[in-house]
Amino acid sequence: MAETHSLQDMRQQASIAAKVFIQRDYTNGTMCQFQTKFPSELETRMDKQQFEETVRILNNLYAEAEKLGSQSFFEGCLACLTAYTVFICMETHYEKVLKKIAKYIQEQNDKIYAPRGLLLTDPIERGLRVITIFEDRSFSR
Amino acid sequence: MKNRDYQQVEPRRARRARRKWEVLPGKNRFLCDGRIMMARQSGVLPLTLGLVLVTCGLFFIFDCPFLVQHLSSCVPAVGGVLFVFVLITLLQTSFSDPGILPRATRDEAAHTETQIDSTGNSSYRPPPRTKEVVINQQVVKLKYCFTCKMFRPPRTSHCSLCDNCVERFDHHCPWVGNCVGKRNYRFFYTFIVSLSFLTAFIFGCVTTHLALRAKDGRGLVFALQESPGSAVELVICFFSVWSILGLSGFHTYLVASNLTTNEDIKGSWSGKSGEDVTNPYSHKNICINCCSVLCAPMPPSLIDRRGLLPADESSQTGGVDMEPPALANKSETNVCTQGPKGLLGSAALSPLMNASCPQGKPQTAHPCPDNPSALTSDPSPELPQSCTAHHISKPHSNTSPPHRAKTRSHKCKRATLRIPDDTADSPASPSCSGPDHGSGAKGHRGASFTADQ
């Protein structure tokens, strides 16, 4: 955790932090998916498999958030019947999954990324456009 | 010697923590401390509200008592339910975030720039940058937004009136005074469908009422004299019902084919150019298309309007952390700084410039100008069937001359958006004729801020 905190501070100090951006992958349409291609800047820092696994799980979580299932259908119908006023008092399915995603990212940071001097940011902070990975240049293993 | 140090326990002169909506780029208006948002130009929203309220008011006052007596007490009940539906969905469409994409941070923009081959020098705007992506075996071009400094996701378009990129951009509706996009399309659709039912219902009830009064040879004139409000309702409903029903039908077709108004008008997937193009977003099944548009999980707002800015940061820094709102609710007591002031003022000009809904209530007959030069013309009652919504058909702000950008740059630096008497926007600014200047000029300020969630 301490490592994560110091890395959070690092975000403010752009001079020692490099940023790697993982862009969105639109090949399946407008669904929120990120590219699993391993960025070359991280080659010396971490394992390709681990990175791809992280992005893959994030993609699955976002797919779950946007899934058109029976639950979302009933939620949508109920909302329509109440003139969408339920959204004021009810937490939507998407928001619930976003909380899961935030927790997952925090876990990943604590277990995998922080020990390597990296920090994943939650893409919701960037409008779901990119996953930003802060790289602590002063970190040495 | 007495040494009295009066220390401020509460640093009153300390800067109040600002909320992110206060520094959000784009031409939006925020009310109630960021809880409500709409376009800066509210279009003819007051007119829409007024028409709905007046018509329903007259209905409940003049027609309901008679019809309850002579027909059924269900009449006001059904009318009441429809009226509440219409009002709530209208307000939700107008006051919610349509799906605005926050602008790219400085670092992201720089990263994107390094990936683009740019051979032009700084004195002219390079040609529009595009990126191709294959979606469901269909090649889709992603355009670069010079204002937001990013490649727009598929189906995203930059609204020049609101100066924002909006996801799944449908159109900018002056009747609701807001863009219609991914997040509020279902509200908009429910609004127009329930409004069709309401209009048709009131029309039917008024006709029945007048017919019942006029029977036994007493005549229509007698009936109208007894119930003058019904005459007004009849006129309003008669002219509205066709256009609203038409609009509902059109949007039902769009929902069933998973298209947006923007795509339909531009003919993106209709194969006009002779190529074999199909809509890559359609699920090829009407029910699934309807579900995906109307019943999909409600996406979150990507602009965290009520989040607090870190105290030491101005709007210039990207990567703002999300913080829970620290202010107690009581301290925000009604900071509704915007009232109707300014709304009506722009209503006169805005229909000319903003009219993008293909059809509307024809007694106010706003033209949908097909070209920017219509800006200076007076409103005429024509209602062209296809509104080109040209401001949305110019998503790339690549033609704005640099000098215009410079003159506007000072205006960008002003604090955001909520100033009702904002005279910086010239009448020409939001409109059809100049989508580019806004987007070009705000880029250098807007790009540096990213609002969270």
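Hydrogens, waters and symmetry mates are skipped; everything else that's a heavy atom, side chains included, is used. Letters go in sequence order (proteins before strands), and every chain restarts at 1.
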Bottom line for Ala79(A): the part with an atom under 4.5 Å from chain B's heavy atoms is neither
So, the part of Ser292(B) with a heavy atom under 4.5 Å from chain A: the answer is both
Does the side chain of Asn28(B) pick up a donor-acceptor pair with the side chain of Asn164(B) at under 3.5 Å? yes
Side chain to side chain contact (heavy atoms under 4.5 Å, CB included) between Lys284(B) and Thr278(B): does it pass, once the steps are laid out? CA-CA 10 Å; Lys284(B) 315 289 183 214; Thr278(B) 53; 4.1 Å; yes
When the 4.5 angstrom heavy-atom criterion is applied to Gln71(A) and chain B, the contacting part is neither
Practice task
Go through the steps for Glu263(B) and Leu254(B) under the test side chain to side chain contact (heavy atoms under 4.5 Å, CB included), then give the verdict.
Solution key: CA-CA 10 Å; Glu263(B) 287 164 353; Leu254(B) 290 181; over 6 Å; no
Applying a strict 4.5 Å limit to non-hydrogen atoms, the region of Leu78(A) in contact with chain B is neither
In terms of heavy-atom pairs under 4.5 Å with chain B, the winner among Phe73(A), Tyr84(A), Phe74(A) is Tyr84(A)
Margin query: I'd like to know if Lys149(B) and Glu108(B) make a salt bridge, using a cut-off of under 4.0 Å between side-chain N and carboxylate O.
Written below: no
Ranked by heavy-atom pairs below 4.5 Å to chain B, first place among Asp122(A), Leu68(A), Thr92(A) goes to Leu68(A)
Cut-off 4.5 Å, heavy atoms of chain A, and the answer for Pro153(B) is both
Cut-off 4.5 Å, heavy atoms of chain A, and the answer for Arg168(B) is neither
- Carboxylate-amine/guanidinium proximity below 4.0 Å for Arg56(A) and Glu53(A): yes
Pair count under 4.5 Å, heavy atoms only, with chain A: among Thr190(B), Leu294(B), Ile100(B), Thr89(B), highest is Thr190(B)
Comparing Ser194(B), Pro280(B), Cys295(B), Ala296(B) against chain A, the one with the most heavy-atom pairs below 4.5 Å turns out to be Cys295(B)
Looking at Lys182(B) and Asp97(B), is any side-chain nitrogen of the basic one under 4.0 Å from a carboxylate oxygen of the acidic one? no
Turns out that what part of Thr132(A) lies under 4.5 Å from chain B's heavy atoms comes down to neither
Under 4.5 Å to a heavy atom of chain A? For Leu142(B) that would be side chain
As a quick check of understanding, evaluate side chain to side chain contact (heavy atoms under 4.5 Å, CB included) for Leu195(B) and Leu90(B), giving each step before the final call. CA-CA 9 Å; Leu195(B) 188 61; Leu90(B) 170 62; over 6 Å; no
Most heavy-atom pairs under 4.5 Å with chain A, out of Ile135(B), Val133(B), Ile88(B), belong to Ile135(B)
Do the numbers put Lys19(A) on top of the ring of Phe134(A), so that NZ or CZ is under 6.0 Å from the six-membered ring centre and no more than 45° off the axis?
no
- Task: Using a strict cut-off of less than 4.0 Å between a Lys/Arg side-chain nitrogen and an Asp/Glu carboxylate oxygen, indicate whether Glu64(A) and Lys100(A) qualify as a salt bridge.
- Result: yes
Turns out that what part of Val134(B) lies under 4.5 Å from chain A's heavy atoms comes down to backbone
